[in-house]
Every structure is written in structure tokens, then in C-alpha cells.
Amino acid sequence: MTENEQQTTFENWLRQHKALLFKVIRSYAFTAMDQDDLFQEITIQVWHSIPSFRNESSVTTWLYRIALNTAIKWVHKERKHNQADSLDHAEHILQENQPADEQLAWLYHEIYKLDVIDRSILLLLLDGFSYKHMADVLGITETNVGVKINRIKKQLITKSKKYDNHGI
């Protein structure tokens with residue numbers, strides 16, 4: 001693959017799938033600066049992955065895999081540097097970047113609280129991926145995906161009952 005072909009593919013993928021990438025970025029990074037950093041990390045990984053893409057999966061599945069794996073690694077790296085930060089400390093950041101829809105803001109807040117694998121599963125589920133695709137992206141079994149989804153749903157239902165003010 002020539003560099004021009006790689007550049008064209010890269011630009012097309014970013015243009016066509018930027019919503020997917022920003023959904024992952026928004027779920028793993030909350031400040032504008034962190035979102036920019038994570039976006040750069042993900043785009044670098046996408047750029048480097050293009051020559052190894054063999055069309056064995058869809059571009060969407062491929063990009064999700066790259067974005068989620070990069071985001072998970074980024075979170076672990078950031079936690080090592082910012083171990084003193086907690087969710088309580090990030091609360092004001094979440095408030096500043098809340099979407100206009102209160103239910104969506106609540107959902108993003110709850111997604112942030114999930115561990116990285118559950119967070120990834122929920123994002124894939126919200127995008128309508130099948131259990132098989134989720135298993136392929138995350139490298140776990142379909143059965144494990146199903147079990148985790150059921151646990152996440154129960155957890156969110158229980159939490160939503162506590163937050164009547166969110167209208168959920």
C-alpha cells in the first residue's frame with residue numbers, strides 16, 4: 001500500500017466513522033484536553049493499522065477494536081499518572097461537558113463508572129452490535145458478552161430507580 005492510498009483510506013475512515021470514535025473518546029475522557037489526547041492516540045493507532053487491515057472484519061468492527069483497545073490502555077496509563085484523582089474529583093468536569101439531554105448525561109455518567117470492559121460492551125451494545133461482533137472486538141466469548149450485558153442492564157436499572165430526578 002502506498003502512502004497516498006493509506007492517507008486516502010485514513011481520511012475516508014475518519015470522515016465516515018468519526019461519530020464512533022467520538023463516542024468512545026467521550027466515554028473514556030471527559031476534559032477537552034484529555035479528549036484531544038485520546039483522539040490523537042486513537043488516530044495514530046488507526047493510521048498504523050491501515051496496512052494490516054485485511055477485510056476479514058468490517059471497517060466499523062476494526063475501528064471499534066482499535067478505539068476501545070487504545071482507550072483502555074490510555075485510561076490505565078492516565079490512572080498511573082493521576083492516582084490521586086477520583087470520580088468525585090471529576091464530577092465538576094462531567095457537569096461542564098454534559099450533553100443537553102439529561103437522560104443522555106446520566107447514561108454517560110453511569111458509563112464512566114463502569115470498568116473498562118463493561119464500558120466497552122455497553123458502547124458496542126448501544127451501537128447495535130451483535131454478541132458475536134462484540135466478542136470479536138473484545139476477544140471474549142459470546143456467552144461472556146451475554147452474561148456481562150445482563151449484569152450491566154440489571155445494574156443500570158437498579159441505579160435508574162434511585163435517580164428519579166433524571167427522568168429515567
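The chain is numbered in sequence order, starting from 1.
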Novice: Taking C-beta and beyond as the side chain, do Lys159 and Lys113 meet within less than 4.5 Å on heavy atoms?
Specialist: yes
Novice: Is Val145 reachable from Val147 through a run of I, L, V, M, F, W or Y residues, each pair having side-chain heavy atoms under 4.5 Å apart?
Specialist: no
Novice: May I ask you to check whether over 12 heavy atoms, not counting those of Met33, lie within 6.0 Å of atom CE?
Specialist: no
Novice: Looking at CG of Leu122 and CG of Leu156, how far apart are the two atoms once the value is rounded to the nearest 0.5 Å?
Specialist: 6.0 Å
Novice: Is the closest side-chain heavy-atom distance between Lys153 and Leu125 below 4.5 Å?
Specialist: yes
Novice: Answer yes or no: is there a donor N or O on one side and an acceptor on the other, between the side chain of Asn144 and the main chain of Ile140, under 3.5 Å?
Specialist: no
Novice: Among pairs that include at least one residue of residues 59-72, which meet side chain to side chain donor-acceptor pair (under 3.5 Å), considering only residues two or more places apart or in two chains?
Specialist: Ser49-Trp62, Ser58-Thr61, Tyr64-Asp127
Novice: Tell me, with the steps shown, if Trp13 and Trp47 meet side chain to side chain contact (heavy atoms under 4.5 Å, CB included).
Specialist: CA-CA 10 Å; Trp13 283 5; Trp47 173 262; over 6 Å; no
Novice: Taking salt bridge (charged side-chain N to carboxylate O under 4.0 Å, His left out) as the cut-off, I'd like each qualifying pair that reaches into residues 3-20, sequence neighbours left out, listed once.
Specialist: none
Novice: Backbone N or O of Ala29 within a donor-acceptor pair of the Gln35 side chain at under 3.5 Å?
Specialist: yes
Novice: To the nearest 0.5 angstrom, please state how far the CD atom of Gln6 sits from the CZ atom of Phe53.
Specialist: 13.5 Å
Novice: Salt bridge check: are Asp115 and Arg119 linked by an N-O gap of less than 4.0 Å?
Specialist: no
Novice: Mind checking whether Ser120 and Tyr28 have side chains closer than 4.5 Å, heavy atoms only?
Specialist: yes
Novice: In Å and rounded to the nearest 0.5 Å, what is the CD to OG distance from Gln155 to Ser160?
Specialist: 11.0 Å
Novice: To the nearest 0.5 Å, what is the distance between CG on Leu114 and CZ on Arg151?
Specialist: 13.5 Å
Novice: With the side chain counted from C-beta on, respond yes when Ile117 and Ile72 share a heavy-atom pair under 4.5 Å apart, and no when they do not.
Specialist: yes
Novice: Side-chain polar contacts of residues 37-46 - donor-acceptor pairs under 3.5 angstrom, sequence neighbours left out - could you list them?
Specialist:
from: Thr43; atom 1: OG1; to: Phe39; atom 2: O; distance (Å): 3.0
from: Thr43; atom 1: OG1; to: Gln40; atom 2: O; distance (Å): 3.0

Novice: Taking it one step at a time, do Ile111 and Arg26 satisfy side chain to side chain contact (heavy atoms under 4.5 Å, CB included)?
Specialist: CA-CA 10 Å; Ile111 289 171; Arg26 174 117 200 253; over 6 Å; no
Novice: Measure the spacing between NZ of Lys23 and CG of Leu68 and express it to the nearest 0.5 Å.
Specialist: 11.0 Å
Novice: Could you walk me through whether Asp34 and Ile25 pass side chain to side chain contact (heavy atoms under 4.5 Å, CB included), step by step?
Specialist: CA-CA 9 Å; Asp34 284 347; Ile25 290 165; over 6 Å; no
Novice: Would you say Tyr112 and Ile157 are hydrophobically clustered, going by side-chain heavy atoms of ILVMFWY under 4.5 Å?
Specialist: no
Novice: Check the pair Leu124, Leu138 against side chain to side chain contact (heavy atoms under 4.5 Å, CB included), reporting the backbone distance first and the verdict last.
Specialist: CA-CA 10 Å; Leu124 293 167; Leu138 298 170; 4.0 Å; yes
